[in-house]
Amino acid sequence: MDKRVRVRFAPSPTGGLHLGGMRTVLYNYLFAKKQDGDFIVRIEDTDQSRYVPGAEEYIFNCLKWAGLQPNESPLHGGDYGPYRQSERKEQYTQYAEQLVKQGQAYYAFDTPADLEKMRQDFKTEQNPSPQYDHGIRMKMRNSLTMNSDEAKRLIAEGAKFVIRIKMPEHETVTFKDLVRGEVSFDTSVVDDKVLLKADGMPTYHLAVVVDDYLMKISHAFRGEEWLPSAPVHVLLWKYLFGLDKMPQWAHLPLILGPNGKLSKRDGAKFGFPVFAMNWTDPKTNELTEGFKEKGFLPGAFINFLALLGWNDGTEQEIFTKEELIDKFSIERVHSGGAKFDYEKAKWFNHEWIRKTEVGSLKSEVRILLNETGLTGIENPMLEKVITLVKDRCTLLTDFYDQSWFFFKAPDNWDVDAVKPKWSEDKKDFFLSYIDKLSTISNWQLATLEESFKTLATEKNIKPGDLQLPFRIMLVGGKFGPPVFNIVELLGKDETINRIKKALAVF
RNA sequence: GGCCCGUUCGUCUAAGGGCUAGGACACCACCCUUUCACGGUGGUGAUACGAGUUCGAAUCUCGUACGGGCUACCA
């Protein structure tokens, strides 16, 4: 009896894909997978003036990176195409005309200047932004205020016109929202939205209803910013296809930045990404940072995004994608907006790096090191290094800071940290230690540490006083994993070389 | 201005009429560590306010305040 679950993500290709958009994708995806349904991506490109080249491809790249692949889309095909609204232009006109015939919509011939004049003329203190609504429409140039012959004549003459919905005056539209329960609106406070634009393209309002119908969408999830226009969509469903065919709605809470609505600016200002992947605006060349390039694992990204406004009722916080699919339910999504906390997002990533196996991290880390000029790294060495430092890395990009010295000798040293306590005795110790190291055949952590301590005792120096200089000789500064772990991985020749080189400077 | 949505530690949240309002991030302290981290243990910290219903309210109702969204031939 229940129809097949089909959900859609419907972005407009106008720029980067931010956290809110990605979370909408995620919830759609999880919901669909859980019910064994279809996840569809439909490109809402009805506004040619806002079209941005590359944005569509970028969106699909983000979905691919996050592992949220659609079943149907302009890229993946499907039985309900085309999946770009610009390619469906012809489909919408008939429905708009049908509404006019049914008396639920009308032609309007007002020019942009007319509309501007109306807004000025009717602007008052109480009503700073007058709407084209039931109170105003009889004062404008439309098929309601002229006789039908004149409207027909104007259209025949090629006059520019739009089709507007004729909102009823005092009806209450009520619908059930999966995250908020019942929501009602008085139709008299919503304006006569344009359905079909002068260029023949539909607006979002018409297109979303027609396409959701034609694509047999069963559940429609979108951002909370759509809630105020929901009554228009509900009415359109009622007039065109019947309320019984209408998808179930869920208006998702907004993701907020430190000062309200999350924006690109917040990212730049507070130093965190807001887009899934790097996005360069083709017009301004402005680069907005993405979570991928910042060093996030896709699993961690999805994980923290899912928890921004949803939880499974237990205290579990780390979820794999499979677990999320298994546990997700739209009813447990919060109705309140969530402020994005970058610190917590990083914590998720840290947890994910820790739990991800070395083998899965290898190629990412290799690419990262390559980009900084560290090439030709052998696999076994790379694996040992990752194992040693992964617990210290919050972001993938931390692997560089935590490990470059395994692949490249330092060329300057934190001498200020050494000099004040440096002495001939210590120099003598390291000279002897070089000899001792060259005789060691069992190059292992315990042996190395033991030999160091023994020699120090023989020379009457506290081993602790020697460890810091030793570390600085090897890596250049006061950082890195435990000293003898570094020595072990560096190997005999490299360790001796580094001591010699540093001794010349100290 | 109007309409709609929302409000539990600084942040994300649990508790759907009944234990001392629980967890996580962040922060602080201690432990571990002769670098820095990780880690471990503990701590500070919240039901916006005011009424009402009730034996009993974070939870239900109303009002107020505050926050957010919308108010385009953009989505």
Side-chain angles (χ1 to χ4, degrees), chain A residues 10-14 44-47 49-50 85 108 110-112 115-116 119 123-133 160-164 177 179-180 183-186 188-191 193-205 207-208 222-231 251 253-254 256 258 260-261 304 307-318 334-348 350-351 354 389-394 398 401-402 414 417 462-472 475 477-483 486:
Chain A
S12 53
T14 54
E44 311 228 330
D45 56 351
T46 54
D47 185 2
S49 69
R50 294 216 311 163
Q85 289 183 332
D110 316 277
T111 64
L115 294 173
E116 183 51 31
R119 289 190 187 106
K123 189 171 169 180
T124 62
E125 194 118 311
Q126 283 75 34
N127 186 9
S129 45
Q131 303 191 97
Y132 201 122
D133 61 13
K160 290 273 183 203
F161 70 94
V162 301
I163 294 180
R164 285 182 182 269
D177 186 288
V179 319
R180 292 155 213 277
V183 185
S184 335
F185 293 84
D186 181 346
S188 61
V189 300
V190 358
D191 61 329
K193 298 264 183 236
V194 170
L195 265 20
L196 200 71
K197 299 187 266 190
D199 64 2
M201 278 287 195
T203 59
Y204 173 83
H205 308 293
V208 72
R222 64 206 330 187
E224 189 184 354
E225 70 270 24
W226 291 109
L227 205 42
S229 51
H251 290 88
L254 266 10
L256 309 168
K261 197 183 177 185
F304 84 68
L307 274 280
L308 220 45
W310 172 86
N311 71 83
D312 75 339
T314 72
E315 281 170 3
Q316 182 176 353
E317 295 202 273
I318 303 297
H334 260 252
S335 44
K339 209 174 276 187
F340 172 60
D341 181 2
Y342 187 46
E343 292 305 320
K344 183 110 188 204
K346 283 195 292 192
W347 173 79
F348 274 105
H350 188 201
E351 293 296 311
R354 284 161 54 101
V389 305
K390 71 198 279 252
D391 282 4
R392 316 165 80 90
C393 295
T394 297
D398 292 338
D401 284 340
Q402 294 294 342
D414 185 357
K462 275 191 278 183
D465 292 344
L466 293 161
Q467 271 200 28
L468 187 65
F470 192 23
R471 163 180 299 282
I472 293 174
V475 307
K478 294 191 276 186
F479 49 78
V483 167
I486 300 174

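The analysis underlying the following values was restricted to heavy atoms, covering all of them including side chains, and did not include hydrogens, waters or symmetry mates. Below, chains carry the letters A, B, ... as their sequence lines are ordered, and counting in each starts from 1.
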Contact boundaries of RNA chain B with chain A (under 4.0 Å, heavy atoms), 5' to 3'?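 Nucleotide range with atoms under 4.0 Å of chain A: B/G1 to B/A75.
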
Who is the Watson-Crick or G-U wobble partner of [N], with both distances under 3.5 Å?
N: B/C30; value: B/G40
N: B/U54; value: none
N: B/A46; value: none
N: B/G16; value: none
N: B/C66; value: B/G6
N: B/U35; value: none

Distance between [atom1] atoms of [N] and [M] (Å, rounded):
N: B/G10; M: B/U20; atom1: P; value: 23 Å
N: B/C55; M: B/G17; atom1: C1'; value: 11 Å
N: B/A15; M: B/A51; atom1: C1'; value: 25 Å
N: B/A75; M: B/C70; atom1: P; value: 14 Å
N: B/A37; M: B/C31; atom1: P; value: 16 Å

Which is it for B/C38, anti or syn, if anything within 90° of zero counts as syn? syn

Indicate whether the side chain of A/His251 and that of A/Arg180 have a donor and an acceptor atom separated by less than 3.5 Å. no

Charged N-O contact under 4.0 Å between A/Asp341 and A/Lys339: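 Salt bridge: no.
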
Pairing of A/Glu317 and A/Lys344 as salt bridge, 4.0 angstrom limit: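 Looking at A/Glu317 and A/Lys344, the cut-off is met.
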
With a non-hydrogen cut-off below 4.0 angstrom, is [X] in contact with a base, only sugar-phosphate, or nothing?
X: A/Lys261; answer: sugar-phosphate
X: A/Asn311; answer: sugar-phosphate
X: A/Phe479; answer: base

Applying ring-ring contact (aromatic ring centres under 6.0 Å, His included) to A/Phe348 and not counting sequence neighbours gives none

Between A/Tyr342 and A/Phe304, does the ring pair (Phe, Tyr, Trp, His ring centres under 6.0 Å) criterion hold? Intermediate values first, please. CA-CA 10 Å; A/Tyr342 187 46; A/Phe304 84 68; 8.4 Å; no

Centres of the A/Trp226 and A/Tyr204 rings: under 6.0 Å?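 So the answer is yes for these two rings.
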
